[in-house]
Amino acid sequence: MDKNYQAVMNKIKRDQVILLDGGTGTELQKRGLKMAPGAWCGPVSLKNNDILEQVHLDYIKAGADIITANTYASSRIMLREAGYENQFREINETAIEAALNAREKSNRKDVLVAGSLSHMIPVSEGTDRIAKTSPPKNFMEEAFEELAMLHQEYGCDLILLEMMKHPQRIHAVMKGAIKTGLPLWAGFSFREDESGNLTCYDDPQIPIKEVLDAIHPEYIEVMGVMHTSANLTGTSLEKVKNVWDGPLCAYPDSGFFKMPNWQFEKILTPTEFLQFSREWYGQGVRIFGGCCGLGPEHIQVLSELTS
């Protein structure tokens with residue numbers, strides 16, 4: 001196991017706080033880059049590696065111990081739908097190298113680079129809902145494994161299984177992730193239904209326990225809640241703790257998505273984010289970060305968590 005990764009895990013065992021970065025795709029949008037119709041932030045890496053690199057550097061300067069490659073939305077499933085399939089390798093290589101280069105330039109050799117591996121499938125324009133039924137199982141498994149193995153090939157230190165929310169697609173993404181041999185961290189996503197009850201993000205008819213049980217805990221080293229509103233994250237963490245007694249992470253979002261753009265509405269202030277994070281610390285969380293809508297200014301205040 002890589003010594004820098006082991007050092008991070010040792011800090012967690014000693015009850016120390018580890019900081020993830022904040023949103024990457026939404027930070028690119030905030031800096032004026034146009035998102036790709038149908039594919040969101042994935043293809044944006046291609047001609048904007050200098051800006052992407054600076055985003056990573058800004059998170060490192062804000063105190064992040066882990067930065068995440070901009071590969072959340074760049075599986076072949078997403079790129080094929082949007083007409084970028086023939087640039088699959090180039091897009092992902094550029095994204096991963098931007099993170100690696102930022103670490104090199106920061107002189108923080110201890111910073112870890114995480115590969116982002118989601119089970120995102122095409123989303124209807126102007127919504128955050130899937131555009132159609134899931135792609136065939138074999139295609140999903142092949143596409144997720146292909147992207148997972150690129151993270152290994154280009155030197156990522158771990159894989160973040162981001163926004164795990166649907167049992168069928170979780171099974172598909174896990175198969176490829178396990179094959180990399182890299183450490184796996186998993187973040188689940190939930191939302192509330194019209195009655196205010198916590199529910200499966202994609203389908204309120206699917207029990208939350210079924211979503212959680214789709215992950216194989218024996219392959220996971222950190223588990224928690226991501227891309228979930230801050231006001232729901234505490235309740236969601238308690239659900240995760242029903243099936244997991246290992247290290248916990250929390251990295252909420254703020255605002256909402258309408259393909260292909262994030263809507264920066266009612267964004268948490270850094271102070272509000274810190275207040276929520278103190279609550280999650282009390283629930284046992286030791287790995288903190290932000291997701292869509294949250295930027296370097298939010299990560300920076302997390303240094304006050306243990307004060």
Side-chain angles (χ1 to χ4, degrees), residues 19-64 66-75 78 82 91-92 94-96 98-99 102 113-120 122-129 160 162-163 165 187 189 191 201 225-233 249-270 272-273 276-277 288-302:
L19 298 185
L20 286 161
D21 53 8
T24 302
T26 55
E27 193 64 21
L28 292 173
Q29 181 184 332
K30 200 190 308 183
R31 298 184 188 203
L33 299 185
K34 185 178 180 181
M35 299 293 103
W40 188 37
C41 63
V44 179
S45 299
L46 206 51
K47 296 181 180 179
N48 301 287
N49 60 312
D50 54 339
I51 299 175
L52 177 56
E53 190 176 294
Q54 188 60 52
V55 168
H56 292 309
L57 279 167
D58 288 347
Y59 279 124
I60 293 172
K61 291 174 184 174
I66 303 171
I67 56 174
T68 310
N70 185 38
T71 54
Y72 177 94
S74 55
S75 73
M78 293 300 296
I91 287 169
N92 287 290
T94 300
I96 296 170
V113 173
S116 176
L117 187 63
S118 75
H119 57 47
M120 188 178 189
V123 172
S124 296
E125 191 78 13
T127 77
D128 68 346
R129 298 296 186 170
L160 282 178
E162 295 206 69
M163 207 174 181
K165 57 179 182 170
S189 300
R191 69 167 85 211
Y201 199 95
V225 177
M226 65 90 63
H227 199 83
T228 298
S229 297
N231 64 311
L232 299 178
T233 295
C249 64
Y251 45 123
D253 63 12
S254 191
F256 59 97
F257 188 52
K258 288 185 177 181
M259 177 58 105
N261 296 310
W262 190 256
Q263 310 300 307
F264 293 91
E265 297 184 17
K266 298 182 180 178
I267 300 297
L268 289 173
T269 66
E272 291 170 334
F273 181 48
F276 274 113
S277 296
F288 296 85
C291 193
C292 296
L294 302 181
E297 66 276 15
H298 294 87
I299 304 307
Q300 190 166 12
V301 299
L302 294 180

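Numbers here are sequence positions counted from 1.
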Query raised in the report: Does S189 use its side chain to pair, donor to acceptor, with the backbone of M226 at less than 3.5 Å?
Result: yes
Requested in this report: Provide the closest heavy-atom pair for V44 versus A36 in the form atom of the first, atom of the second, distance.
Outcome: CG2-N, 4.2 Å
Query raised in the report: Closest heavy-atom contact between F288 and S277?
Result: CE2-O, 3.4 Å
Query raised in the report: Just by modelled atom types, is the E272 backbone N or O under 3.5 Å from a matching donor or acceptor in the T269 side chain?
Result: yes
Query raised in the report: Taking atom CG of L19 and atom CD1 of I299, what is their separation to the nearest 0.5 Å?
Result: 7.0 Å
Query - Atom pair CG (N261) and CD (E125), whose distance is rounded to the nearest 0.5 Å - result: 8.5 Å
Requested in this report: May I ask you to test the D21-Y251 pair for a side-chain heavy-atom distance under 4.5 Å?
Outcome: no
Query raised in the report: Once you round to the nearest 0.5 Å, how far does CG of L28 lie from CG of N70?
Result: 5.5 Å
Query raised in the report: Does the side chain of P37 reach to within under 4.5 Å of the side chain of M259, using non-hydrogen atoms?
Result: no
Query raised in the report: Distance from L46 atom CG to I91 atom CD1, nearest 0.5 Å?
Result: 5.5 Å
Requested in this report: Determine, step by step, whether M163 and D253 satisfy the side chain to side chain contact (heavy atoms under 4.5 Å, CB included) criterion, reporting the C-alpha distance in whole Å, the side-chain angles of both residues, the deciding distance to 0.1 Å, and the verdict.
Outcome: CA-CA 11 Å; M163 207 174 181; D253 63 12; over 6 Å; no
Report summary line: Rounding to 0.5 Å, atoms CG (D128) and SG (C292) come to a distance of 10.5 Å
Requested in this report: Apply the side chain to side chain contact (heavy atoms under 4.5 Å, CB included) test between R31 and each candidate in T26, V55, N48; give the one that qualifies.
Outcome: V55
Requested in this report: List the atom of A99, the atom of V113, and the distance in Å for their closest heavy-atom pair.
Outcome: CB-CG1, 3.8 Å
Query raised in the report: Would you call the rings of H227 and Y201 parallel, tilted or perpendicular, where under 30° means parallel and over 60° means perpendicular?
Result: tilted
Query - Beyond-backbone contact of I267 with H298, side-chain heavy atoms, under 4.5 angstrom - result: yes
Query raised in the report: Of the non-hydrogen atoms in L294 and P252, which two are nearest, and what is the gap between them?
Result: CD1-O, 3.5 Å
Query raised in the report: Counting only heavy atoms not in K30, do more than 12 sit closer than 6.0 Å to its NZ atom?
Result: yes
Requested in this report: Could you give me the CA-CA distance, side-chain angles and deciding distance for F276 and L268, then say whether side chain to side chain contact (heavy atoms under 4.5 Å, CB included) is met?
Outcome: CA-CA 10 Å; F276 274 113; L268 289 173; 3.8 Å; yes
Report task. Please round to the nearest 0.5 Å and tell me the distance separating atom NE2 of H119 and atom OH of Y72. Result -> 7.5 Å
Query raised in the report: Can you check side chain to side chain contact (heavy atoms under 4.5 Å, CB included) on W262 and M35, steps first, answer last?
Result: CA-CA 9 Å; W262 190 256; M35 299 293 103; over 6 Å; no
Requested in this report: Answer whether the closest heavy-atom distance between the side chains of E27 and D58 falls below 4.5 Å.
Outcome: no
Requested in this report: For residues S45 and L52, report the shortest heavy-atom separation together with the two atoms involved.
Outcome: OG-CD2, 3.5 Å
Requested in this report: Check the pair N92, S74 against side chain to side chain donor-acceptor pair (under 3.5 Å), reporting the backbone distance first and the verdict last.
Outcome: CA-CA 7 Å; N92 287 290; S74 55; 2.5 Å; yes
Query - Steps toward side chain to side chain contact (heavy atoms under 4.5 Å, CB included) verdict (H56, T24) - result: CA-CA 8 Å; H56 292 309; T24 302; 4.3 Å; yes
Query raised in the report: Is there a donor in the side chain of D50 and an acceptor in the side chain of Q54, or the other way round, less than 3.5 Å apart?
Result: no
Query - Main-chain N/O of T71 paired with S116 side-chain donor or acceptor, under 3.5 Å - result: no
Query raised in the report: How far apart are the closest heavy atoms of A98 and N49, and which atoms are they?
Result: CB-O, 4.2 Å
Query - Any side-chain heavy-atom pair of M120 and E162 under 4.5 Å - result: no
